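Just so it is clear, the model here is predicted, and its values are computed rather than measured.
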Amino acid sequence: MNQEEKGPSPDIHHIEEHQLSQVKITLSNPLRWVNSYVLRGDDGITIIDPGPRTAASEREWLVGMEQLGFGFSDIASIVLTHHHPDHYGLAGWFQERSGAKVWMSERAHREAMLMWGTDSTMDHALPAFFRQHGMPEAKLALLPEHLNGFFPQVTPQPDISFIGEDLPFRMGNRIWVPVQTAGHAPGHLSFFHAESGILLCGDAVLPQISPNVSLLPGSDAEPLALFLAGLRCLRELHVRTAYPGHRHPFTHFRERIEALLLHHEERLASIAGMLSAAGRLTAFEVCTALFGEKLGIHQLRFAMCEALAHLAELTRRGEAEMIENEDGMCYFSVRKPPHS
């Protein structure tokens, strides 16, 4: 296959002291690219988060592998931080061609099956959930096609081997400690190498944007509480350089975590103020107040799930309550103190 058939070269950055390469795989959404990482070891190549399966990403990898000097037969393992298509999608494609094992947490695999498995009903469950929380029918009608559009990006599904939480795991010539968190994605794994201070953090902590935190039907009921707990856990690590799933590697790891913790507390306070002023609101009304009314369906799905995650956290803290009307519509209001 010639260069023209393969397509353009991906942006590759080599971190020689750590035998690590950052490979930017193009995304069509506003994130622009996902960071895949390639580690070299005596037992072969490890690829972390290969990206979504698209014709463009396949071509980028064919060129990238040539530039990095390895072929499919050199790949020892594919490691996934979480189940989202922009990280998980090409795992089965690589496995078919290399025979390599694909690794992720057991909890992350259950979520992958909830979203992308052959028995998934999310294309029906999510519209029903959003309808209950006030989303208009015109928006709901766009969701099934939108959700089903992700299946080509995660096909074929890989056979998964499970990574045990906190059990040492070899990638390249180093032993890493997997750190499992949730909120952005159930069962999300970051990988910490204490001696070098490197953390491969996926989407658990991002240097410029706040990772989306979503409440989804059939998934974790309190995702924001789990996300905040995960941030506090990661804050205890002595990280010199964090290698994230999006944007650039960064060194201000603890400061970034503090900023994210503050961001969510401020958002919770803002929503509580909305509820107090309005008396009661649907989650969709909160969503549009926070994020506006001109979002495309992809961003609207994230925004709605994020609003619901924050409302669930206010409810968990006893600061709000949800009331379901006889017609099945749910409203949130400030929780009234009990009568003395």
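Taking the six-membered ring for Trp and thresholds of 30 and 60 degrees, Phe332 and His133 have nearly parallel ring planes, at less than 30 degrees apart.
With hydrophobic clusters built from ILVMFWY side chains whose heavy atoms lie under 4.5 angstrom apart, Leu206 shares a cluster with Phe250.
Side-chain contact between Pro211 and Val205: absent, with no pair of heavy atoms (C-beta onward) separated by less than 4.5 Å. Under the 4.5 Å side-chain criterion, counting only non-hydrogen atoms from C-beta, Asp11 is not in contact with Gln22. Considering only heavy atoms from C-beta on, Val23 comes within 4.5 Å of Leu68 through its side chain.
Not counting sequence neighbours, the partners of Glu137 by the side chain to side chain contact (heavy atoms under 4.5 Å, CB included) test are Arg131, Leu140. Applying the side chain to side chain contact (heavy atoms under 4.5 Å, CB included) test to Ser105 and every residue at least two apart in sequence or in another chain returns Arg107, Ala108, Gln180, Leu189. Residues satisfying the side chain to side chain contact (heavy atoms under 4.5 Å, CB included) criterion with Arg280, sequence neighbours excluded, are Asn325, Tyr331, Ser333.
Ion pair Glu258/Arg254 not flagged as a salt bridge, since none of the NZ, NE, NH1 or NH2 atoms sits closer than 4.0 Å to an Asp/Glu carboxylate oxygen. Electrostatic pairing of Glu58 and Arg53 counts as a salt bridge here, judged by a charged N lying under 4.0 Å from a carboxylate O.
Remark: aromatic rings of His83 and His188 are distant, center separation not under 6.0 Å.
Considering His263, His310, His264 as possible partners of Phe227, the one that fulfils the ring pair (Phe, Tyr, Trp, His ring centres under 6.0 Å) test is His264.
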